[in-house]
Colleague: 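Let me begin by handing over the structure; questions about it come next.
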Amino acid sequence: MIEKNAISNLCQKAVEMRSKSYAPYSDFLVGSAVLTEDGEIFTGCNIENSAFGPSICAERTAIAKAVSEGHKNLAAIAIAGGKRDGDLQYCAPCGVCRQVMREFCKPSFKVYLARSADDYKEFTLGDLLPESFGPDNLS
Ligand code: THU
């Protein structure tokens with residue numbers, strides 16, 4: 001159970017991370033914040049590339065930061081996305097990011113699509129990626 005204050009804090013950090021987004025090609029700015037099982041937060045933003053293919057989403061940036069610092073047990077992620085000059089959307093993670101979450105997160109992993117600290121929709125990874133392929137398939 002994640003407390004409401006902790007959810008709001010995570011969503012607020014995702015919103016703030018949009019200011020770090022490098023998205024000159026899509027003008028779609030995304031920020032994210034991952035909460036680890038032991039209470040640490042790692043943030044990320046989308047980083048585009050002129051060759052397009054090497055671009056990375058905000059969610060994978062944050063997850064890579066957490067995992068590369070030794071945190072593989074993740075409890076939740078908040079995502080905040082929208083056009084540079086528009087309102088924030090309830091921005092859902094792309095399929096590639098859902099699969100990356102699947103590698104490190106339980107089906108109960110929480111995904112908050114945030115428009116502000118207190119305006120968000122809550123899903124679980126199980127909601128967003130049912131009948132998935134994961135590490136267990138290879139063991
Ligand atoms: N993007 C994300 O970072 N996360 C999402 O959940 C959806 C899409 C990025 C990728 C690209 O830089 C831009 O948003 C437009 O697709």
Side-chain angles (χ1 to χ4, degrees):
M1 178 70 187
I2 304 171
E3 285 181 12
K4 192 169 181 320
N5 280 351
I7 299 171
S8 291
N9 183 40
L10 199 67
C11 290
Q12 179 61 30
K13 287 201 158 47
V15 170
E16 288 170 4
M17 278 304 289
R18 292 183 73 238
S19 66
K20 301 286 202 309
S21 166
Y22 176 73
Y25 306 107
S26 71
D27 269 339
F28 194 86
L29 312 186
V30 188
S32 73
V34 168
L35 178 68
T36 67
E37 297 273 11
D38 52 12
E40 284 197 50
I41 292 177
F42 293 86
T43 55
C45 62
N46 57 331
I47 304 170
E48 298 185 348
N49 188 279
S50 53
F52 288 12
S55 299
I56 185 167
C57 293
E59 298 90 318
R60 275 177 288 144
T61 303
I63 292 169
K65 285 170 68 176
V67 172
S68 62
E69 294 296 325
H71 297 269
K72 287 196 279 289
N73 297 322
L74 309 179
I77 190 168
I79 305 160
K83 293 290 288 186
R84 190 183 302 277
D85 296 320
D87 292 333
L88 283 185
Q89 306 173 5
Y90 295 115
C91 176
C94 79
V96 172
C97 287
R98 293 178 198 206
Q99 185 63 32
V100 170
M101 291 172 197
R102 174 69 178 81
E103 192 67 23
F104 300 105
C105 310
K106 301 180 191 114
S108 59
F109 177 75
K110 299 284 192 300
V111 180
Y112 303 105
L113 313 185
R115 297 186 64 200
S116 72
D118 298 307
D119 178 7
Y120 54 83
K121 288 186 181 174
E122 175 180 332
F123 296 91
T124 65
L125 180 58
D127 296 330
L128 299 177
L129 196 67
E131 298 300 329
S132 60
F133 186 89
D136 293 351
N137 291 93
L138 300 181
S139 64

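Whatever order the structure lists them in is the order used to number ligands and atoms, beginning at 1. When a residue number appears, it is its place in the shown sequence, counting from 1.
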Colleague: Just distances here: any N/O of Ser26 and N/O of ligand 1 closer than 3.5 Å?
Modeller: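 No.
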
Colleague: Ignoring hydrogens and angles, tell me if any N or O in the side chain of Ser32 forms a donor-acceptor pair with the backbone of Ala58 under 3.5 Å.
Modeller: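 Side chain of Ser32 to backbone of Ala58: a pair is present.
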
Colleague: With a cut-off of 6.0 Å (strictly less than), are more than 12 heavy atoms of other residues, nucleotides or ligands near CG of Asp38?
Modeller: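 For Asp38, atom CG is crowded (more than 12 foreign heavy atoms under 6.0 Å).
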
Colleague: Measure the distance from atom 10 (C) of ligand 1 to every protein heavy atom, then report the residue, atom name and distance (to 0.1 Å) of the closest one.
Modeller: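 Of the protein heavy atoms, Cys57 SG, 4.0 Å lies nearest.
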
Colleague: Set out, in order, the CA-CA distance, both residues' side-chain angles and the distance that settles salt bridge (Lys or Arg N to Asp or Glu O under 4.0 Å) for Lys106 and Glu37, then state yes or no.
Modeller: CA-CA 11 Å; Lys106 301 180 191 114; Glu37 297 273 11; 3.1 Å; yes

Colleague: Is at least one protein non-hydrogen atom found at under 4.0 angstrom from atom 16 (O) of ligand 1?
Modeller: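 It does not; no protein heavy atom is within 4.0 Å.
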
Colleague: According to a 4.5 Å side-chain heavy-atom criterion applied to Ile, Leu, Val, Met, Phe, Trp and Tyr, with indirect links allowed, do Ile41 and Ile77 form part of one hydrophobic cluster?
Modeller: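 Different clusters: Ile41 never reaches Ile77 through Ile, Leu, Val, Met, Phe, Trp or Tyr contacts under 4.5 Å.
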
Colleague: What are the atoms of ligand 1, with element, lying closer than 4.0 Å to any heavy atom of Glu48?
Modeller: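 Going through ligand 1 atom by atom, the ones under 4.0 Å from Glu48 are 11 (C), 12 (O), 13 (C).
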
Colleague: Can you find a non-hydrogen atom of Ala92 under 4.0 Å from ligand 1?
Modeller: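 Yes, Ala92 has a heavy atom closer than 4.0 Å to ligand 1.
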
Colleague: Pair Glu103, Gln99 - check side chain to side chain donor-acceptor pair (under 3.5 Å), show working.
Modeller: CA-CA 7 Å; Glu103 192 67 23; Gln99 185 63 32; 5.2 Å; no

Colleague: Measuring from non-hydrogen atoms of Pro93 to any atom of ligand 1, is the shortest distance under 4.0 Å?
Modeller: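 Distance cut 4.0 Å: Pro93 passes for ligand 1.
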
Colleague: Taking only non-hydrogen atoms of Cys97, do any sit less than 4.0 angstrom from ligand 1?
Modeller: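 It does not, in that no heavy atom of Cys97 comes within the 4.0 Å cut-off of ligand 1.
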
Colleague: Considering only the protein, which heavy-atom contact is closest to atom 9 (C) of ligand 1, and what is its distance?
Modeller: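 Going by distance alone, atom 9 (C) of ligand 1 is nearest to Asn46 ND2, 3.6 Å.
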
Colleague: Any side-chain to backbone donor/acceptor pair from Thr61 onto Cys45? Under 3.5 Å, distance only.
Modeller: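 Flag set: sc Thr61 to bb Cys45 pair under 3.5 Å.
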
Colleague: Can you find an N or O of Cys91 that's nearer than 3.5 Å to an N or O of ligand 1?
Modeller: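 No - when backbone and side-chain N and O of Cys91 are compared with those of ligand 1, no distance drops under 3.5 Å.
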
Colleague: Return the residue, atom name and 0.1 Å-rounded distance of the protein heavy atom closest to atom 3 (O) of ligand 1.
Modeller: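 The closest one turns out to be Ala58 N, 2.9 Å.
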
Colleague: NZ of Lys65 to OG1 of Thr43: how many Å apart, nearest 0.5 Å?
Modeller: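 One finds 3.5 Å between NZ of Lys65 and OG1 of Thr43.
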
Colleague: Can you tell me how the ring of Tyr112 sits relative to the ring of Tyr120, calling it parallel under 30°, perpendicular over 60° and tilted otherwise?
Modeller: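 The arrangement is perpendicular - the two ring planes meet at more than 60°.
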
Colleague: List every atom of ligand 1 that sits less than 4.0 Å from any heavy atom of Glu59, numbering the atoms from 1 in the order shown and giving each element.
Modeller: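 That gives atoms 2 (C), 3 (O), 4 (N), 5 (C), 6 (O) of ligand 1.
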
